[in-house]
Number of protein chains: 2
Amino acid sequence: MADELSAKQRGILQFLEDFIAKHDYPPSIRDIQNGCDISSTSVVDYNLKRLEEKGFIRRDREVSRAIELLDGQGERRRRGTVQVPVLGKIAAGIPLPVHPDQLAPEDVLDLTEDIAGNRAGLYALRVQGTSMIDALINDGDIVILEPKQVADPGDVIAAWIVDREETTLKKYYPEGARVRLQPMNSTMEPIYEDAANVEVQGKLVATIRAF
Amino acid sequence: MADELSAKQRGILQFLEDFIAKHDYPPSIRDIQNGCDISSTSVVDYNLKRLEEKGFIRRDREVSRAIELLDGQGERRRRGTVQVPVLGKIAAGIPLPVHPDQLAPEDVLDLTEDIAGNRAGLYALRVQGTSMIDALINDGDIVILEPKQVADPGDVIAAWIVDREETTLKKYYPEGARVRLQPMNSTMEPIYEDAANVEVQGKLVATIRAF
DNA sequence: TTTCGAACAGAACATATGTGCCGCGTGGGA
DNA sequence: TCCCACGCGGCACATATGTTCTGTTCGAAA
């Protein structure tokens with residue numbers, strides 16, 4: 001049960017993704033041959049068979065360009081969307097995961113580029129409780145975050161307030177030694193924290209509330 | 001400049017959608033022929049040329065199964081997503097469009113089924129102003145609505161308050177002759193309106209805020 | 001009526017494309 | 001050492017598939 005992919009197989013997989021993203025239909029074997037600088041169609045065929053065995057693609061035999069991309073577990077993949085892992089919950093009293101990659105996603109959210117933009121490494125969290133109500137974020141909402149340790153002024157960030165052990169979502173304005181954290185609800189007053197007391201944990205990309 | 005599609009052309013387009021949704025790769029001309037009960041490949045070819053002229057598909061000549069689905073305006077379509085038209089703005093003082101179909105969308109938003117669900121006829125509106133802040137909806141947010149003239153208790157609806165000429169987004173609880181409209185921010189008090197003074201204009205499906 | 005073009009039928013044609021077969025290195029195990 | 005699976009190269013082959021050509025039908029316009 002070999003789950004390992006050879007360099008050539010990873011290259012083919014990458015080429016498949018790019019080609020489909022570009023053309024909206026799968027490449028032929030000879031397209032792959034040229035795109036990956038492979039010497040023979042039979043080599044492509046050989047490696048496609050391996051990829052199919054390992055559950056990364058599915059092929060309909062005898063049909064041109066009949067390659068479907070799977071995710072390595074035999075699951076169908078969606079096109080034109082970004083898979084964003086839902087890593088867990090976010091509440092006032094718990095810090096965000098610092099290394100999102102290390103967590104097993106409990107769920108996956110498909111997002112279009114309309115929402116996700118071209119950012120990479122995004123992850124999502126479910127909001128638990130109403131502690132972020134001042135950020136116009138309710139219990140049950142989903143927040144999409146881009147992992148970041150530094151933020152630009154004006155970014156909406158997820159900040160960990162060290163001494164209060166609290167996560168908050170606010171607009172970020174560094175002002176010398178202190179930081180102004182402005183609620184997104186413009187009728188509310190900003191709070192000020194010592195710069196050393198604020199840890200930037202990520203940048204807010206979007207929030208989604210479904211009913 | 002014929003924008004009209006014949007029944008056969010609509011059938012082919014439908015078949016294309018279904019086939020691609022099912023297989024993740026486009027059908028061959030003969031697949032279309034069989035799937036649509038068309039007598040000859042040349043008829044398929046003929047109608048595909050028409051569809052291409054009208055901007056519903058794009059084809060790469062001489063390449064098998066090289067059909068891309070477009071949206072009728074020559075724009076690329078995404079797969080596994082729902083196209084939701086952005087019909088305009090929503091503000092406190094303007095009613096929602098009653099017949100969304102009749103408006104030309106100023107923009108199109110791609111949504112995955114994760115967000116849109118399986119509902120049909122959805123449309124989106126951009127929120128202008130902060131008048132919906134009590135519904136945790138900010139200036140610039142996008143609201144996704146399902147057209148509906150009647151709502152179930154507990155639905156979050158877009159309601160037109162007749163005498164105040166005002167649009168509001170609230171949870172809907174009919175209570176006999178009056179209606180309780182509960183803000184989504186649970187710390188705020190509900191308002192009560194005469195049932196005749198409340199017009200249900202649609203059901204809120206989701207809200208999206210992108211940064 | 002005639003004319004003309006849109007839509008279609010049927011078949012032949014050219015080629016794009018998946019598949020199979022034979023063979024060659026190479027490296028590890030018996 | 002021999003043997004064999006693995007990964008690969010090269011090529012021929014069958015066919016899946018897009019294209020094209022000739023004709024037919026039908027309805028509207030002349």
Side-chain angles (χ1 to χ4, degrees), chain A residues 1-20 22-70 72, chain B residues 1-20 22-70 72:
Chain A
M1 184 87 47
D3 289 308
E4 309 297 323
L5 297 181
S6 72
K8 192 163 297 195
Q9 285 160 13
R10 272 194 305 275
I12 291 177
L13 218 47
Q14 183 64 48
F15 179 78
L16 282 172
E17 279 193 44
D18 295 345
F19 190 98
I20 292 173
K22 186 171 182 186
H23 297 90
D24 255 30
Y25 51 81
S28 69
I29 287 192
R30 283 169 180 80
D31 289 332
I32 301 173
Q33 184 189 354
N34 292 326
C36 295
D37 284 317
I38 292 174
S39 47
S40 170
T41 57
S42 62
V43 176
V44 179
D45 190 54
Y46 173 82
N47 283 290
L48 287 179
K49 285 197 175 97
R50 291 302 105 77
L51 284 171
E52 191 172 17
E53 284 171 7
K54 295 174 186 173
F56 285 89
I57 61 171
R58 196 169 75 78
R59 294 209 296 165
D60 285 356
R61 296 319 175 90
E62 316 237 340
V63 178
S64 301
R65 297 171 183 274
I67 301 176
E68 291 178 55
L69 268 179
L70 305 177
Chain B
M1 187 84 48
D3 289 308
E4 310 297 324
L5 296 181
S6 73
K8 190 160 300 196
Q9 283 158 15
R10 273 194 305 276
I12 290 177
L13 218 46
Q14 185 64 49
F15 178 77
L16 282 173
E17 281 192 41
D18 294 345
F19 190 98
I20 291 174
K22 187 170 180 186
H23 297 90
D24 255 30
Y25 52 81
S28 70
I29 287 192
R30 282 169 181 82
D31 289 333
I32 300 173
Q33 184 190 356
N34 293 325
C36 295
D37 283 318
I38 293 173
S39 48
S40 169
T41 58
S42 62
V43 177
V44 179
D45 191 54
Y46 174 81
N47 284 290
L48 286 179
K49 284 199 176 95
R50 290 303 103 79
L51 284 171
E52 189 171 19
E53 284 171 8
K54 294 172 187 175
F56 285 88
I57 60 169
R58 196 168 75 77
R59 294 210 294 164
D60 286 357
R61 296 319 175 87
E62 318 236 338
V63 178
S64 302
R65 295 168 186 275
I67 299 177
E68 291 179 53
L69 269 179
L70 305 177

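Chain letters run A, B, ... following the sequence lines, proteins first and then strands; every chain starts at 1.
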Could you check how far [atom1] of [X] sits from [atom2] of [N], rounded to whole Å?
X: B/R50; N: C/dA6; atom1: CZ; atom2: C1'; answer: 8 Å
X: A/K54; N: D/dC6; atom1: NZ; atom2: C1'; answer: 12 Å
X: A/L48; N: C/dT19; atom1: CG; atom2: P; answer: 9 Å
X: B/R30; N: D/dA16; atom1: CZ; atom2: C1'; answer: 7 Å
X: B/I32; N: C/dC8; atom1: CD1; atom2: P; answer: 14 Å
X: A/Y25; N: D/dT17; atom1: OH; atom2: P; answer: 15 Å

So how far is it from [X] [atom1] to [Y] [atom2], rounded to the nearest 0.5 Å?
X: A/F56; Y: A/K54; atom1: CZ; atom2: NZ; result: 8.0 Å
X: B/Y46; Y: B/Q9; atom1: OH; atom2: CD; result: 7.5 Å
X: B/L16; Y: B/L48; atom1: CG; atom2: CG; result: 7.0 Å
X: B/K8; Y: B/I38; atom1: NZ; atom2: CD1; result: 5.5 Å

[X] has a side chain; which of [options] sits nearest to it?
X: B/I29; options: D/dA16, D/dG18, C/dA7; answer: D/dG18
X: A/S64; options: D/dC11, D/dA16, C/dC8; answer: D/dA16
X: B/N47; options: C/dC8, D/dC11, D/dT19; answer: C/dC8
X: B/R65; options: D/dC8, C/dA11, D/dT17; answer: D/dT17

For B/D45, which contact category applies under a 4.0 Å heavy-atom criterion: base, sugar-phosphate, or nothing?
base
Just checking B/S40: base, sugar-phosphate only, or nothing, at a heavy-atom cut-off of under 4.0 Å?
base
Flag, side chain of B/D37 to backbone of B/Q33, donor-acceptor distance under 3.5 Å:
no
Taking the side chain from A/E52 and the backbone from A/R59, do they hold a donor-acceptor pair closer than 3.5 Å?
yes
Under 4.0 Å: is that the gap between some side-chain N or O of A/K8 and OP1 or OP2 of D/dC8?
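Yes, within the criterion.
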B/R59 side-chain N/O to D/dG18 phosphate OP1/OP2 under 4.0 Å
no
Is it true that A/D45 and A/S42 share a donor-acceptor pair across their side chains at a distance under 3.5 Å?
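Distance-only check fails for A/S42 and A/D45.
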Starting from Watson-Crick (N1-N3 plus N6-O4 or O6-N4) and G-U wobble pairs under 3.5 Å, report the runs of at least three that DNA chain D belongs to.
C:1-30 with D:1-30
Quick tally for nucleotides 21-28 of chain D: nucleotides whose base has a protein heavy atom under 4.0 Å get B, sugar-phosphate-only ones S, the rest -, giving --------
So if I apply the side-chain contact (heavy atoms from CB on, under 4.5 Å) rule between B/I32 and each of B/V44, B/N47, B/T41, which one comes out positive?
B/V44
Identify the heavy atoms of A/D31 and A/F15 that sit nearest to each other, and give their distance.
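Taking A/D31 first and A/F15 second, the nearest heavy atoms are O-CZ, 3.5 Å.
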